[in-house]
*Asks:* 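I'd like to ask some things about the structure below.
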Amino acid sequence: MIRVQFFYNRFKEICGFKMTGHSGYSKYGEDIVCAAVSALAINTVNSIQELTNDVIEVEYKNEGGFLSCILSNSKGNNNSKEALILLRSLELGITSIQKDYKDNIDISYREV
């Protein structure tokens with residue numbers, strides 16, 4: 001199962017996410033759920049890096065399907081509107097996928 005945790009700051013702004021695991025929907029190389037979630041997450045990280053001036057802390061481990069991304073200013077509310085929209089778009093995309101693949105994706109939320 002893919003476990004996704006979205007981080008929110010005290011201002012109720014999304015400020016990052018953490019993903020672990022594999023969906024188990026199909027075998028490696030044919031798993032559409034893993035591919036979809038991975039594409040959304042990697043695109044979000046790349047987009048924040050290329051399209052905003054925000055600094056992000058990224059950690060990636062292929063083993064265990066681990067990806068973590070958090071805005072460096074996660075405790076404050078000085079994050080760019082663009083970064084917040086990109087993270088919110090990721091959340092929207094993953095929650096949409098989860099509606100059809102409930103057994104493969106678990107979503108939670110945490111204040112940081």
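One-based numbering along the sequence shown.
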*Asks:* Holding to salt bridge (charged side-chain N to carboxylate O under 4.0 Å, His left out), I want the full list of residues that pass it with Lys12, two or more places apart in sequence or in another chain.
*Replies:* Glu111

*Asks:* Which atom names give the shortest non-hydrogen contact between Met1 and Lys102, and what distance separates them?
*Replies:* CE-O, 4.3 Å

*Asks:* Find out whether Asn104 and Ile97 are in side-chain contact, i.e. whether some heavy atom of one side chain is under 4.5 Å from a heavy atom of the other.
*Replies:* no

*Asks:* Tell me whether Ser96 contacts the main-chain N or O of Leu92 through its side chain, where contact means a donor paired with an acceptor under 3.5 Å.
*Replies:* yes

*Asks:* Is there a continuous path of hydrophobic side-chain contacts, each under 4.5 Å between heavy atoms, that joins Val58 to Leu90?
*Replies:* yes

*Asks:* Treating Ile, Leu, Val, Met, Phe, Trp and Tyr as nodes and any side-chain heavy-atom pair under 4.5 angstrom as an edge, say whether Val112 and Leu84 lie in one connected cluster.
*Replies:* no

*Asks:* Going by salt bridge (charged side-chain N to carboxylate O under 4.0 Å, His left out), name the residues that satisfy it together with Lys27, two or more places apart in sequence or in a different chain.
*Replies:* Glu30

*Asks:* For Tyr101, enumerate each residue passing the side chain to side chain donor-acceptor pair (under 3.5 Å) test, keeping only those at least two apart in sequence or located in another chain.
*Replies:* none

*Asks:* For Lys99, give me all partners under salt bridge (charged side-chain N to carboxylate O under 4.0 Å, His left out), at least two apart in sequence or on another chain.
*Replies:* none

*Asks:* So which heavy atom on Asp106 is nearest to which on Gln98, and how close?
*Replies:* CA-NE2, 4.2 Å

*Asks:* Please tell me whether Ile70 and Val37 are part of a single hydrophobic cluster in this structure, the criterion being side-chain heavy atoms less than 4.5 Å apart.
*Replies:* no

*Asks:* For Asn46, what residues pass the side-chain contact (heavy atoms from CB on, under 4.5 Å) criterion, not counting sequence neighbours?
*Replies:* Ile42, Gln49

*Asks:* Mind jotting down which residue pairs meet the ring-ring contact (aromatic ring centres under 6.0 Å, His included) criterion with at least one end in residues 64-97? Sequence neighbours excluded, please.
*Replies:* none

*Asks:* Does OH belonging to Tyr28 count more than 12 external heavy atoms closer than 6.0 Å?
*Replies:* no

*Asks:* Mind listing the closest non-hydrogen atom pair of Phe6 and Glu91 along with its distance?
*Replies:* CZ-CA, 3.4 Å

*Asks:* Please confirm whether the backbone N or O of Ser80 pairs with a side-chain atom of Asp54, one donor and one acceptor, at under 3.5 Å?
*Replies:* yes

*Asks:* Output all residues satisfying side-chain contact (heavy atoms from CB on, under 4.5 Å) with Asn43, sequence neighbours left out; order by chain, then residue number.
*Replies:* Ser47

*Asks:* For a quick test of reading the model, state the closest non-hydrogen atom pair linking Cys69 to Ile56 and the distance between them.
*Replies:* SG-CD1, 3.9 Å

*Asks:* Tell me every residue that passes side chain to side chain donor-acceptor pair (under 3.5 Å) with Asn62, counting only those two or more places apart in sequence or in another chain.
*Replies:* Tyr60

*Asks:* State yes or no: do Val4 and Tyr109 share one hydrophobic cluster built from I, L, V, M, F, W and Y residues joined by side-chain heavy-atom distances below 4.5 Å, directly or via other members?
*Replies:* yes

*Asks:* With sequence neighbours left out, what residues match Glu50 under salt bridge (charged side-chain N to carboxylate O under 4.0 Å, His left out)?
*Replies:* none

*Asks:* Which residues satisfy the side-chain contact (heavy atoms from CB on, under 4.5 Å) test with Ser72, sequence neighbours excluded?
*Replies:* Val55, Glu57

*Asks:* Determine whether Cys34 and Ile2 make a side-chain contact, defined as any pair of heavy atoms from C-beta on separated by less than 4.5 Å.
*Replies:* yes

*Asks:* List, one per line, each side-chain donor-acceptor pair under 3.5 Å for residues 13-22, sequence neighbours excluded.
*Replies:*
| residue | atom | partner | partner atom | Å |
| --- | --- | --- | --- | --- |
| Glu13 | OE1 | Asn9 | ND2 | 3.2 |

*Asks:* Side chain of Asp31, backbone of Tyr25: donor and acceptor closer than 3.5 Å?
*Replies:* yes

*Asks:* Ile105, Phe7: one ILVMFWY side-chain cluster at the under-4.5 Å cut-off?
*Replies:* no

*Asks:* Side chains of Thr52 and Leu86, heavy atoms from C-beta outward: is any pair under 4.5 Å?
*Replies:* yes

*Asks:* Tell me the ring-ring contact (aromatic ring centres under 6.0 Å, His included) pairs involving residues 70-89, sequence neighbours left out?
*Replies:* none

